[in-house]
2 protein chains.
Amino acid sequence: MQSDIRRTLLEMFTNSKEEYVSGQKISDMLGCSRTAVWKHIEDLRKEGYELEAVRKKGYRIVNKPNKVSENELILGLQTKKIGQHVHYEEVVESTQKIAHRLAQEGVQEGTVVVAEEQTSGRGRLDRVWHSPKGTGVWMSIILRPTVPPQNAPQLTLLTAVAVVQAIQEVTGISPQIKWPNDILIEGKKAVGILTEMQADADRIHSVIIGIGINVNQQQQDFSDAIKDIATSLAAETGELINRATLMQTIFLKIESLYEEYLKNGFGLIKVLWETYAISIGKRIIARTLRGSIEGWAKGITEDGVLLVEDDLGVLHHIHSADIELSTRK
Amino acid sequence: MQSDIRRTLLEMFTNSKEEYVSGQKISDMLGCSRTAVWKHIEDLRKEGYELEAVRKKGYRIVNKPNKVSENELILGLQTKKIGQHVHYEEVVESTQKIAHRLAQEGVQEGTVVVAEEQTSGRGRLDRVWHSPKGTGVWMSIILRPTVPPQNAPQLTLLTAVAVVQAIQEVTGISPQIKWPNDILIEGKKAVGILTEMQADADRIHSVIIGIGINVNQQQQDFSDAIKDIATSLAAETGELINRATLMQTIFLKIESLYEEYLKNGFGLIKVLWETYAISIGKRIIARTLRGSIEGWAKGITEDGVLLVEDDLGVLHHIHSADIELSTRK
């Protein structure tokens, strides 16, 4: 099936909002015969879409394949910008790398790079991020906020809020955020976020938000090295999750928070973030490149900087660190 | 002539430090006959190199062509890193764009992108930078300092100091720096610097320093739109400047300041910068995206932020602005 026909067809089903679409309507819209319509529907079935056909009513998509290529992401997508352009690859070194190139080439804001598998996915400080084939969400989203570069950490926090909300909506689980960029379920890591930017001193040109989510791995799929600290949505719920649906929900949550952010600033997002954050109000150890600080996590600043008060009452501004809960009280 | 032979030959002349290199030595080093040596020397002459040949002594390069391709940049280059790898193009849209791509591909630190002409060179805030063919230095230098992103403006200031020192050394002119990124001669702009970065919240991945220098334009070459505010080194000195020599001097100055910066921090560079700065201690108007502030320019912070004290005694931290000297006293 030609990709433009497929896209038009999937958009018709999206716009019908789970109502039936008649064969006649499809035939009119695509400008093809009823026989050709039947052929296109069969093609969709071969690609893994489950379609219900009811006489005198038409067709309805009841299930889509658990893939994350452009087709699955466009079917049902409710956003205006984010995810409207998808760059999909089966295997990549890292979606961040491709997104950096596309950002330089000037692609539209909201463009998303998605892969089924990353061979060298990475997190903060060049740490390895395991991205096995077909089991997770490995993607990078390109934004172009007109803000100064020192505000970039706010986008990491905004994304964390959006991902928490999307996971809640799709799975019913309530994850928690560990500053700055991890999302935990029952204390184990399920999501990592890596926000990179292209900027000059005056303003950001592009922000490239990498999101890695362990979705359908079983607990035994994790290697010995990470099995005690990593989990997946399926391991926690006992159910396979449709990745495209999860991604679409993330796109919608990010879009709505991002509109709020550009219009009214970081205030509301800061409040939401603190609601979901695991460590605020707790005693923590923050390990920075220059040494460790132990104290009480008081909150975050308007810039997304972590505030830690040590035992002498000194308030530290932490830009970059790994944190853990302290066992001392 | 093959490029590896040319490079070896030019390196021999570089290493001889303006002493004569004997035909025998060239023949030994290149592993070719004396006739072939003579042929290679003739090839260099055809490319515009002036060579002196003295019986029983050998050859000496007395002048190189006023071009800026890899050959001219390697002959006489004294640096360890900066300029050791040159990506040269006759015409590009912008050297920054190419340098961003090379940085993503992981090229070595110190790689320089150079062009004879830019068709859409740009400065801060996407302003146009005129880069006509063969008359200026249009280049981008890739650095990978292991510093947090909020320190990036320091690299703009470091570069400005290096360029001022290089211009002084090559031409005898003493230019002045206008915060943040312009270099002026007698109040007219001769150099623009644009520092861009690829970074995450923890650290800088690459800094791409774009440097545009008006070198050999005559005053009448500037369009009506900029003729009152722009100048060139040749217009000020009345002499044509060898661009490759100027670039090599800039490479050496940047390398030496950059080593100091990585080892001992921004302190010394801050002092040098303030020495060359035109506006410190003067009454200025700073126009920011949110409005204008008038007051006394007190200096810069450790982060490269401009400090302006207004008439109520409030000290403003200016991250991004256009400044001009105020006519009020």
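By convention in this document, chain letters (A, B, ...) are assigned in the order of the sequence lines, proteins followed by strands, and residues within each chain are numbered from 1. If you're wondering where the values come from, they're calculated on a predicted model, not measured in any experiment.
Per-residue heavy-atom pair counts under 4.5 Å with chain B were compared for A/Ala199, A/Ser320, A/Ala201, A/Pro153, and the maximum is reached by A/Ala199. Among the candidates A/Gln104, A/Glu105, A/Gln198, the residue making the largest number of heavy-atom pairs closer than 4.5 Å to chain B is A/Gln104. Of the listed residues B/Glu196, B/His205, B/Lys97, the one with more heavy-atom pairs under 4.5 angstrom with chain A than any other is B/Glu196.
Annotation: residues 144-152 of chain A contacts chain B through A/Pro149, A/Gln150 [non-hydrogen atoms, separation under 4.5 Å].
For B/Lys282, the NZ atom is densely surrounded, since the number of other residues' heavy atoms within 6.0 Å is greater than 12. The neighbour count for B/Gln108 CD, taken as heavy atoms of other residues, nucleotides or ligands under 6.0 Å away, does not exceed 12. Sparse packing is recorded around CD of B/Glu93, with 12 or fewer heavy atoms of other residues, nucleotides or ligands lying under 6.0 Å away.
Of the two parts of B/Thr156, neither the backbone nor the side chain holds a non-hydrogen atom closer than 4.5 Å to a non-hydrogen atom of chain A. Proximity to chain A (any heavy atom under 4.5 Å) is restricted, for B/Leu194, to the side chain, taken from C-beta onward.
The line from NE2 of B/His100 to CZ of A/Arg101 is 15.5 Å long, rounded to the nearest 0.5 Å. Taken to the nearest 0.5 Å, the CG atom of A/Asn181 stands 7.5 Å off from the CG atom of B/Asp202.
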